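One structure is given below, encoded as structure tokens.
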Amino acid sequence: MTFKAIARASRWMMAAALAAQAQAAPVQDFGEPNLARLAARFSLQGEAQPPVRVIQFGDSHTAADYFSGELRARLQARYGDAGIGWLPPVNVPGQRNALAYMRSEGWALRNSRRDTDPDFPLGGFVGIAQRPGASIAVRPRVEDKGLWRVRIWLRQSADGQGLIVDDGSGPRRAQANAGAGWQRVEMKLKLPFTLRADSLPAPEVGGYELEKLAPGVVLDTVGSNGAELALWRSWGGAWGRQLAAREADLVILAYGTNEAFDPKLDLDEYRATLQGAVSLVRSQLPQAAILLLGAPDSARSKGGAVSRECAAGPQRPLMLSAVQQTQRQLARDNHLLYWDWQQAMGGLCSMRAWRQQQLGRPDMVHFTGPGYVRLGDDLYEGLSQRLAR
């Protein structure tokens, strides 16, 4: 056997060993005060009950909706399908929702990662009509002929004619009050439906909430590619009202990857940002449980500041361990639920094994579809075990 063959075999054995170590990490309970309520909400589903609402905030791992999409699929298969949940106003390049998509003509997207707005809505995206006749079509990926509860977030900056909404049963008007900030307009509609701006200035669109008129679970994926948790600061001071209006039962915070790749990250400032996010959720959704996900293992394929924690080969980003330690300690201090994403992968330096098993992508930051599905299954199993106790 040649040296190269021996090296390849050694790498394969290392990958197989680490993959074998990977198992469903438990969801730890550091004293979450709303855990019993959350378990009751899942167990008491019925026609008279509102859907169990879950919101996952995060970066590209969330924005792709493979990881969160698998968690949603497992929860809905067990507890009932209450619909799609939150969507941005128009399609965001490089992002997806597993259940729905938008097609738009004549609309521009304002993105809080690169644009400014004194009052971004929840999610940090705004759709702005550029011409009369501009339209948005909101479509499910799987046909559904039932009636849906549709909530559209609108902001009208000047007197206008509102938006024309049509689901095939006849047009109706969605109107917001001028100068009153973001308002939620609720309608009963079939999917797909379209919005049309007949004249300018038209109301700006901040997103949608789509729920079936049935019990079950709805999981919102509120993600943004490349985001750090500090992005919330750019959304202004009013979006918390929208968070409160969502009446979620569980909020999942899934950030940390991009912070870990910042070699100049101020850990005190990061902890303050994370604490501020937890405090905001507690104040706006006092009934909700909070689940904090520790940042997953990752590695730099080349260059950049690294930690030298791995024995050989690609190394972890310099601040990853510090970010993970901060997350765990803050979860403990604030009595949150906590899921160790890295543990679910097999532990320290496990991303290389995931890449070799085609569960991680070549950039050693993101995961393949099967990798995200496996992680979503692991989180579901850990959460289910916690809820059953």
Side-chain angles (χ1 to χ4, degrees), residues 53-60 62-63 65 68 84-92 95 97 102 107-128 136 150-157 163 174 176-186 203-211 218-255 258-259 269-270 272-292:
R53 296 188 179 101
V54 180
I55 304 178
Q56 179 168 319
F57 290 95
D59 48 33
S60 56
T62 297
D65 202 26
S68 48
I84 295 168
W86 179 88
L87 293 173
V90 298
N91 271 341
V92 180
Q95 301 187 188
N97 182 279
M102 287 74 68
W107 288 77
L109 174 68
R110 185 177 296 157
N111 186 334
S112 58
R113 282 207 62 223
R114 62 171 186 266
D115 304 316
T116 58
D117 190 303
D119 185 22
F120 271 110
L122 184 151
F125 302 107
V126 179
I128 306 168
I136 304 171
V150 175
R151 300 181 178 106
I152 308 171
W153 284 95
L154 300 176
R155 180 175 63 179
Q156 181 71 53
S157 59
L163 297 175
N177 296 323
W182 290 105
Q183 301 160 67
R184 187 168 69 173
V185 178
E186 182 170 323
E204 297 171 333
V205 181
Y208 317 90
E209 299 166 12
L210 310 181
E211 295 180 355
V218 60
L219 191 154
D220 302 347
T221 52
V222 186
S224 183
N225 284 340
E228 298 181 4
L229 182 53
L231 181 67
W232 286 20
R233 296 174 183 168
S234 68
W235 295 355
W239 74 272
R241 178 174 56 86
Q242 293 177 266
L243 180 62
R246 196 69 184 106
E247 297 182 329
D249 301 289
L250 173 65
V251 176
I252 303 173
L253 301 178
Y255 295 93
N258 294 300
E259 288 90 339
E269 183 177 347
Y270 172 63
T273 299
L274 186 52
Q275 180 63 63
V278 170
S279 298
L280 175 64
V281 174
R282 287 285 192 225
S283 66
Q284 298 296 327
L285 294 169
Q287 81 283 359
I290 301 176
L291 170 58
L292 180 60

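A quick note: this is a predicted structure, and the numbers were derived from the prediction, not measured.
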- Reported CZ-to-CG distance for the pair Arg184 and Leu154, which is rounded to 0.5 angstrom: 12.0 Å
- Item | Validation row: Glu209, Asp220 side chains within 4.5 angstrom (heavy atoms) | no
- Query: So do the side chains of Arg53 and Val218 get within less than 4.5 Å of each other, counting heavy atoms only?
  - Reply: yes
- Task: Begin from the C-alpha positions of Leu253 and Val278 and carry the test side-chain contact (heavy atoms from CB on, under 4.5 Å) through to its verdict.
- Result: CA-CA 9 Å; Leu253 301 178; Val278 170; 4.2 Å; yes
- Task: Would you check if the side chain of Arg246 reaches a backbone N or O of Arg241 as a donor-acceptor pair within less than 3.5 Å?
- Result: no
- Task: Would you check if the side chain of Asp59 reaches a backbone N or O of Tyr255 as a donor-acceptor pair within less than 3.5 Å?
- Result: no
- Item | Test side-chain contact (heavy atoms from CB on, under 4.5 Å) applied to Asp115 and Asp117, step by step | CA-CA 7 Å; Asp115 304 316; Asp117 190 303; over 6 Å; no
- Task: Tell me yes or no: between the side chains of Trp182 and Glu204, is some donor less than 3.5 Å from an acceptor?
- Result: no
- Indicate yes or no for a side-chain donor-acceptor contact from Glu259 to the backbone of Ala230 under 3.5 Å, with no hydrogens or angles considered. no
- Message: Ring-plane angle category for Trp235 and Trp232, please: parallel below 30°, perpendicular beyond 60°, tilted otherwise.
- Response: parallel
- Message: I'd like to know if the side chain of Asn258 and the backbone of Glu228 have a donor-acceptor N/O pair within less than 3.5 Å.
- Response: no
- Query: Do Gln95 and Phe125 have side chains that get closer than 4.5 Å, going by heavy atoms?
  - Reply: yes
- OG (Ser224) and CZ (Arg114) are apart, to the nearest 0.5 Å, by 9.5 Å
- Separation of Asn111 CG from Thr116 OG1 (nearest 0.5 Å): 11.5 Å
- Applying side-chain contact (heavy atoms from CB on, under 4.5 Å), name anything that partners Asp65, two or more places apart in sequence or on another chain. Ser68, Arg72, Arg96, Asn97, Ala98, Thr221
- Task: Drop me the distance from Leu280's CG to Trp239's CH2, to the nearest 0.5 angstrom.
- Result: 5.0 Å
- Salt-bridge test for Arg151 and Glu247: reply yes if a basic N is under 4.0 Å from a carboxylate O, no otherwise. no
- Item | Test side-chain contact (heavy atoms from CB on, under 4.5 Å) applied to Val222 and Thr62, step by step | CA-CA 7 Å; Val222 186; Thr62 297; 6.0 Å; no
- Task: Measure the CG-CG distance between Leu243 and Leu285 for me, rounded to the nearest 0.5 Å.
- Result: 4.0 Å
- Are the side chain of Gln56 and the backbone of Leu219 linked by a donor-acceptor contact shorter than 3.5 Å? no
- Can you check whether Asn225's main-chain N or O pairs, donor with acceptor, with Arg113's side chain at less than 3.5 Å? yes
- Rounded to the nearest 0.5 Å, how far apart are CG of Leu122 and CH2 of Trp153? 8.5 Å
